[in-house]
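The structure appears right after this line, and notes come after that.
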Amino acid sequence: MKRAASAYRCQQCGFASPKPGTCPDCARTGDFIALVEERPAPQREGRRVALTSGRPRPLREVEIEHVARLRTHIGELDRVLGGGVVPGSLVLIGGEPGIGKSTMLAQAASRLAELAPPVLYVSAEESAAQVRMRAERLGIKTDGLLLWAENDVNAIEAQLDEVKPRALVIDSIQTVFLPGLESAPGSVAQVRECGARLMSLAKGRGLATFLVGHVTKDGAIAGPRTLEHLVDTVLYFEGEQHHAYRVLRAVKNRFGSTNELGVFQMGERGLEEVQNPSGFFLAERPRDAPGSVVVASLDGTRPLLLELQALVAPASFGTPRRTVLGADYNRVCLLLAVLEKRAGVPVASQDVFVNVAGGGRITEPAADLGIVLAAASSYMNCPVRGDVLVLGEVGLTGEVRAVTGLATRLREAAQLGFRQAVVPASNLGDGAALPLEAHGVATVDEAIAVLLR
Ligand code: TYD
Ligand code: MG
């Protein structure tokens with residue numbers, strides 16, 4: 001049962017009362033414990049962050065602030081942040097437990113501490129010794145980096161006045177708490193209120209603040225989504241536990257473009273930047289194997305070449321299976337239906353497995369034609385040539401529709417030695433010069449004719 005909010009609390013059993021005195025619950029077992037007064041948490045402080053600037057003014061009279069960013073000199077992270085972290089901004093880094101959030105922030109904090117000391121790293125889930133051990137492994141020796149195991153936000157606030165850090169890391173938002181609140185750390189109420197408090201601290205002090213937020217499958221603790229509306233920047237750290245590569249994506253950024261992408265590799269000594277992610281994903285690509293097709297996805301401004309693999313085999317019994325890794329399951333089912341109905345490739349009775357090699361992920365419709373061709377190539381046991389890139393969104397009538405950023409995608413492919421591309425015919429209308437030879441196709445059937453027949 002939820003107790004009413006009150007001002008006096010027993011620090012042993014949590015009994016709350018509106019009046020001072022001793023705790024009646026503990027008195028029964030012979031302990032006379034004085035109730036301690038608690039200040040109720042300020043309500044929704046985050047919404048009152050000082051943004052006010054007098055009265056309304058015409059747009060052109062409002063001065064533009066030039067923000068000086070702090071660079072972490074971890075290139076991939078800086079780019080995703082929009083060129084470095086903005087002082088006074090709140091950055092939320094979400095991701096599944098074990099993906100490498102603490103590792104990345106320890107590395108970033110150490111780089112920041114070299115350039116803008118001191119930096120305070122508050123660990124609310126690991127002891128200072130554990131964090132130190134990680135730092136040893138990462139080769140971090142920066143003096144300007146202060147480490148503190150603490151989870152009371154009030155205590156953190158008090159230390160900020162002492163330490164006066166330029167940047168603050170809170171690892172994690174689900175394990176810090178405000179003692180004045182009824183609910184447990186990690187609950188929606190705690191996560192919101194702590195987030196709001198840290199927001200006003202960051203804004204008030206011009207403090208660059210990073211919050212770690214664990215993404216959990218069960219609903220027992222509030223996920224980072226509860227804070228997305230509040231913070232300035234939301235980055236998600238993704239990847240497969242069993243693959244070395246990790247992708248950092250911006251999904252919200254008040255100080256930069258969203259959908260920017262940073263690629264890292266988890267190694268023995270922490271996260272390393274991957275300068276040439278396309279090369280990384282294509283490194284182990286088999287040559288002339290049926291079912292393998294390369295597509296170029298575009299996340300923000302960054303093209304990324306990915307290898308799509310499909311395996312189509314007769315179903316042994318019952319309903320044919322469809323297994324999809326790294327792409328949207330429903331989209332793949334739709335594309336297989338289009339392949340059957342519009343191009344006459346009978347995949348409905350076949351087991352189909354689709355995978356993005358290297359643990360990559362495809363979120364864009366521009367990879368549709370690649371998925372269709374990979375499945376067709378596997379079914380027909382006919383390889384797609386190794387130096388051909390495939391691009392195009394596929395509609396339900398089997399039409400191939402235009403994609404955005406064609407030239408950027410083709411340029412990336414040309415740099416990695418691709419010579420030809422099969423692209424939507426409607427993309428070639430303007431006759432612009434392209435970095436490699438492009439064949440326009442208007443339908444799935446046509447694409448199969450060009451590449452597989
Ligand atoms: P961690 O940063 O603790 O994850 P999170 O904070 O997101 O929960 O990273 C944990 C994983 O990273 C762990 O499984 C070990 C691995 N790791 C390495 O492979 N190399 C390293 O140098 C470090 C520090 C961690
Ligand atoms: Mg961690």
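Keep in mind the model is a prediction, meaning the values are calculated, not measured. Order of appearance sets the numbers: ligands from 1, and atoms from 1 within every ligand. Counting begins at 1 with the first residue of the sequence.
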Query - Leu138: numbered ligand 1 atoms lying under 4.0 Å from its heavy atoms - result: 22 (O), 24 (C)

Report summary line: Counting only protein N, O or S atoms and ignoring waters, those under 2.8 Å from the Mg ion (ligand 2) are Ser102 OG

Query - Subset of ligand 1 atoms that lie under 4.0 Å from at least one heavy atom of Ser102 - result: 2 (O), 5 (P), 6 (O)

Query raised in the report: Nearest protein heavy atom to atom 4 (O) of ligand 1, by residue and atom, and its distance?
Result: Gly100 N, 3.1 Å

Query raised in the report: Between Arg249 and Leu261, what is the shortest heavy-atom contact and its length?
Result: NH1-CD1, 3.6 Å

Report task. Heavy-atom contacts with Glu268 under 4.0 Å: which atoms of ligand 1 show up? List them by number with element. Result -> 20 (N), 21 (C), 22 (O)

Report summary line: Atoms of ligand 1 under 4.0 Å from any heavy atom of Pro97, numbered from 1 in the order shown, are 8 (O)

Query - Minimum non-hydrogen distance to atom 14 (O) of ligand 1, winning option of Gly94, Gly98, Gly267 - result: Gly98

Query raised in the report: Among all protein non-hydrogen atoms, which one is nearest to atom 22 (O) of ligand 1, and what is the separation to 0.1 Å?
Result: Gly270 N, 2.7 Å

Query - Subset of ligand 1 atoms that lie under 4.0 Å from at least one heavy atom of Thr103 - result: 1 (P), 2 (O), 9 (O), 24 (C), 25 (C)

Query raised in the report: Under 30°, 30 to 60°, or over 60°: which ring-plane class applies to Phe237 and Phe264, parallel, tilted or perpendicular?
Result: perpendicular

**Report entry** Salt bridge Arg132-Glu126, side-chain N to carboxylate O under 4.0 Å
**Finding:** no

Query raised in the report: Out of Glu136, Met266, Arg134, Glu125, whose heavy atom sits nearest atom 16 (C) of ligand 1?
Result: Met266

